[in-house]
Amino acid sequence: MPAKSPAIIRLGVSLLISFLIPFQGFSQNLIQGAQVFELHCANCHNFKDDGIGPQLAGLKGIVDKKYLLDFINNPKALIDANVARAQDKYKKFKSYMPSFNHLDPKDLQDVIAYILEKPSPKIIGKKEKLALENPIKEGIQFSGETINLKKILKFPFTYTSQVNTRINKMTFHPISKERIISDLQGKIYVVDDKNQLSEFLDISKHFPHFTNKPGFATGLGSFAFHPLFAQNKLFYTTHTEPEIKGPSDFTYGDSLRVKLQWIITEWTMDDPSAKVLSGKSREVMRVNVIDQVHGMQEITFNPYAKPGDPDFGLLYIGLGDGGALEQRRGFIPNNPEHAWGKVLRIDPLGRNSQNGKYGIPTFNPFVGKKGLDEVFAQGFRNPNRISWLHDGRIIVSNIGQRHIESLYMLKPGKNYGWPLREGTFAIDSTMSTNTVFLLPKNDAQFGYTYPIAQFDHDEGNAIMGGFEYTGKAIPSLRGKYIFGEIVRGRVFYIPISEIKEGTQTRIRELKMQLDALPITLKELVKANKVDLRFGQDAHGEIYIITKADGMLYQIVPSK
């Protein structure tokens, strides 16, 4: 743990106290129920705010024990049977909760009793009257432009239950220029010019503790080639391991159970031109996370930096808040003394970090100041993608909580507000973070940086960052940053010429065609959750990935 973070010790003590106080005066059954809840339910639920699933306070008198028991045992059956409450939650959260019928019947009874003991969250004063139910009234309009999709290939199944593939990221090989695409289940593929697929790496064969769990931010998170890959043969990956399998560089304190660790690994390949990775590896960084969500979804290098530029060879790391808010530790992402809810920046070739395995750029914004040396910017919930515009500016996409999805212009030392801000709206820390308000009149004094573009959940449930189109095949897309919405699979753009910090760039929607016929990604996937991702090849052309069915499409010119 970095010596420059004495607040970590105080954090551990406060977390222990916050965990123990709610159990005072409980019967043994309720204590057991609380333990079962922490072990099996707290990844997705709490008693204040919606997370992956709904908050569960205040259910007594609204739902009965039988409904809860039936739902926990087989949620899909109740949803498919059109039980009203089950259908309502499914429509809101767009996913099936896994069955927990493997739990001991007594544990199920205890956890239900514990849930039903929780009163509704308190509402402070009359502030609820000022809450915004529809923060952004203006919807995203169709731009009048249509993009054409071409099927490239379908990826092989890597999982047999619920989710068949978890295709997540695409870039290109620095030498061969072939497309490189990863599956969260642990595999990285090469796609050649003939669209033939081969396996570059199966990370599960190298790490015995490798873990992934569909529905959570686990598995093989991201990968990146060093800008000097052709010379130094260095390649980087991130993956998850359960609980504590090694000493961590960033910890919460001994009192808090760790659900996962994110690990950055550096690989030195024997042959940089090889289509199968062979060589040696070393661990660069290991980070504890409090939960299985909002993890390390992005690592990347500045593709436009040249040797001699200050930013050349520096690794940017998008690290989410790790579910801190869902676990009632929302103070973590807004504090530069903690690693979570940040974009970090390191020099993987350096060795002046606390663990001696990477370097700290001397011009990082918190070097010599209060805060972690690794922190580049703070105040994110889930900075899931980072990409550069050709003019050198950086765009980061941030998945929101219950209202706002945002794009930010990433700059050193800036605070993007989470969890006291969501987009250009305020959150009251005394109330549910599912509620947003207009900014206070004295907002300027807090120094938050606001999005360059945003949309609310009328338009989509989760943002997916993309790329500036730099290809030549479709001139009408040049000068546009292409991105989208994960769940519904809508594809958007903002004109780069219109981006101006301090104002909101108007978002336009692109319609799609396949084989000259109008189509939506939802219709192609035939599922309620598309799980949209974007990729870009060496020529600047953009690809669309539908993770739900493992399909890869290229955006191509109309015929």
| task | Look at the side chain of R385 and the backbone N and O of G466, then say whether any donor-acceptor pair between them is shorter than 3.5 Å. | result | no
| task | May I ask you to say whether K187 pairs ionically with D202, meaning some side-chain N is under 4.0 Å from a carboxylate O? | result | yes
| task | Apply the test side-chain hydrogen bond (donor to acceptor under 3.5 Å, both in side chains) to residues D537 and Y543: give CA-CA distance (whole Å), side-chain angles for both, the deciding distance (0.1 Å), then the verdict. | result | CA-CA 8 Å; D537 66 19; Y543 293 69; 3.0 Å; yes
| query | Less than 4.5 Å apart, any side-chain heavy atom of W267 and any of I203? | reply | yes
| task | Please name the pair of heavy atoms, one in Y236 and one in P348, separated by the smallest distance, quoted to 0.1 Å. | result | OH-CB, 3.4 Å
| Atom OG1 in T265, atom NE2 in H206: separation rounded to 0.5 Å? | 10.5 Å
| query | Name the one of F223, F200, F155 that satisfies ring pair (Phe, Tyr, Trp, His ring centres under 6.0 Å) with Y189? | reply | F155
| Hey, does the side chain of E485 reach the backbone of N461 with a donor-acceptor pair shorter than 3.5 angstrom? | yes
| field | Any donor-acceptor N/O pair, T546 side chain to V525 backbone, under 3.5 Å | value | no
| field | Minimum side-chain heavy-atom gap I147-Y553 below 4.5 Å | value | no
| request: Could you tell me which non-hydrogen atom of K169 sits nearest to which non-hydrogen atom of I299, and how far apart they are? | output: NZ-O, 2.9 Å
| request: Show the numbers, then the answer: is there a side-chain contact (heavy atoms from CB on, under 4.5 Å) between M551 and L153? | output: CA-CA 6 Å; M551 285 298 301; L153 59 86; over 6 Å; no
| task | Run the salt-bridge test on R490 and E459 with the 4.0 Å N-O cut-off and return the result as yes or no. | result | yes
| message | Between N335 and E337 (side chain of the first, backbone of the second, donor and acceptor by atom type, cut-off under 3.5 Å), is there such a pair? | response | yes
| said: How close do R533 and I167 get, counting heavy atoms only, and between which atoms? | reply: CG-O, 3.9 Å
| message | Distance check, rounded to the nearest 0.5 Å: I486 atom CD1 versus L521 atom CG? | response | 12.5 Å
| field | Which residues share a side-chain hydrogen bond (donor to acceptor under 3.5 Å, both in side chains) with E405, sequence neighbours left out | value | H457
| Any side-chain heavy-atom pair of Q261 and I244 under 4.5 Å | yes
| message | Side chains of I452 and I395, heavy atoms from C-beta outward: is any pair under 4.5 Å? | response | yes
| message | Donor-acceptor pair, distance only, cut-off 3.5 Å: does the side chain of N302 make one with the backbone of Y304? | response | yes
| said: As an exercise, state the distance from OG of S281 to CE of M269, rounded to the nearest 0.5 Å. | reply: 12.5 Å
| Which pair of non-hydrogen atoms, one from P419 and one from P333, has the smallest distance, and what is that distance? | CD-CG, 3.9 Å
| task | Please indicate whether R506 has more than 12 foreign heavy atoms, meaning atoms of other residues, nucleotides or ligands, lying under 6.0 Å from its CZ. | result | no
| said: Please determine whether side-chain contact (heavy atoms from CB on, under 4.5 Å) holds for the pair K154 and T165, giving the CA-CA distance in whole Å, both sets of side-chain angles, and the decisive distance to 0.1 Å. | reply: CA-CA 10 Å; K154 184 178 179 67; T165 69; over 6 Å; no
| query | For residues D249 and Q354, is any side-chain donor paired with an opposing acceptor at under 3.5 Å? | reply | no
| message | Please check: side-chain N/O of R478 versus main-chain N/O of G471, any donor-acceptor pairing under 3.5 Å? | response | yes
| request: Report yes or no: does K342 contribute a side-chain atom to a donor-acceptor pair with the main-chain N or O of H338 at less than 3.5 Å? | output: yes
| task | Could you walk me through whether T424 and Q504 pass the side-chain hydrogen bond (donor to acceptor under 3.5 Å, both in side chains) test, one step at a time? | result | CA-CA 9 Å; T424 58; Q504 295 300 301; 5.2 Å; no
| query | If you round to the nearest 0.5 Å, how far is OG1 of T171 from CD1 of I180? | reply | 8.0 Å
| Side chains of S476 and E145: do they bring a donor and an acceptor to under 3.5 Å? | no
| query | F492 and ring pair (Phe, Tyr, Trp, His ring centres under 6.0 Å): which partner among F455, Y481, F142? | reply | F455
| Hey, does S143 have a side-chain heavy atom less than 4.5 Å from the side chain of Y493? | yes
| note | Closest non-hydrogen contact found for A473 with P557 is O-CG, 3.4 Å
| said: Could you walk me through whether R286 and E241 satisfy the salt bridge (Lys or Arg N to Asp or Glu O under 4.0 Å) test, starting with their C-alpha distance in whole Å, then the side-chain angles of each, then the deciding distance to 0.1 Å, before giving a yes or no? | reply: CA-CA 10 Å; R286 184 176 289 255; E241 296 183 2; 3.2 Å; yes
| message | I'd like to know if the side chain of T251 reaches the main chain of S248, judged simply by a donor and an acceptor atom lying under 3.5 Å from each other, with no hydrogens or angles considered. | response | no
| request: Taking the side chain as every heavy atom from C-beta outward, state whether L201 and T237 have any pair of such atoms under 4.5 Å apart. | output: yes
| note | On a heavy-atom basis, the closest approach of R345 and P361 is O-CD, 3.7 Å
| Under 3.5 Å: donor-acceptor pair, side chain of N364, backbone of V375 | no
| R393 bridged to D391 by N-O distance under 4.0 Å | yes
| message | Evaluate R166 against N212 for side-chain contact (heavy atoms from CB on, under 4.5 Å), listing each step before the verdict. | response | CA-CA 10 Å; R166 300 181 72 202; N212 79 90; 3.4 Å; yes
| Hey, are E266 and K357 close enough for a salt bridge, meaning a charged N less than 4.0 Å from a carboxylate O? | no
| task | Kindly say whether M409 contributes a backbone atom to a donor-acceptor pair with the side chain of E501 at under 3.5 angstrom? | result | no
| request: Describe, in one word, how the ring planes of F210 and H239 are oriented to each other, choosing from parallel (under 30°), tilted (30 to 60°) and perpendicular (over 60°). | output: tilted
| query | Does P451 reach the side chain of L407, with side-chain heavy atoms less than 4.5 Å apart? | reply | no
| said: When you compare the side chains of D321 and W418, does any donor N or O come within less than 3.5 Å of an acceptor on the partner? | reply: yes
| request: Take F229 and H173 through the ring-ring contact (aromatic ring centres under 6.0 Å, His included) test and state the conclusion after the steps. | output: CA-CA 9 Å; F229 175 75; H173 195 284; 5.4 Å; yes
| said: Is any side-chain heavy atom of M170 closer than 4.5 Å to one of V191? | reply: no
| said: For S397 and N384, which I'm curious about, is there any donor-acceptor pair between the side chains at under 3.5 Å? | reply: yes
| Got a second to check how far K150's NZ is from L514's CG, nearest 0.5 Å? | 12.0 Å
| Salt-bridge contact E498-R508 (side-chain N to carboxylate O under 4.0 Å) | yes
| request: Evaluate the criterion side-chain contact (heavy atoms from CB on, under 4.5 Å) for residue pair L439 and R421; output intermediate values, then yes/no. | output: CA-CA 9 Å; L439 296 176; R421 297 291 184 271; 3.5 Å; yes
| Spatial distance of atom CD1 (I317) from atom CD (E374) [nearest 0.5 Å] | 8.5 Å
| query | How are the rings of F225 and F235 set to each other: parallel, tilted or perpendicular (split at 30° and 60°)? | reply | tilted
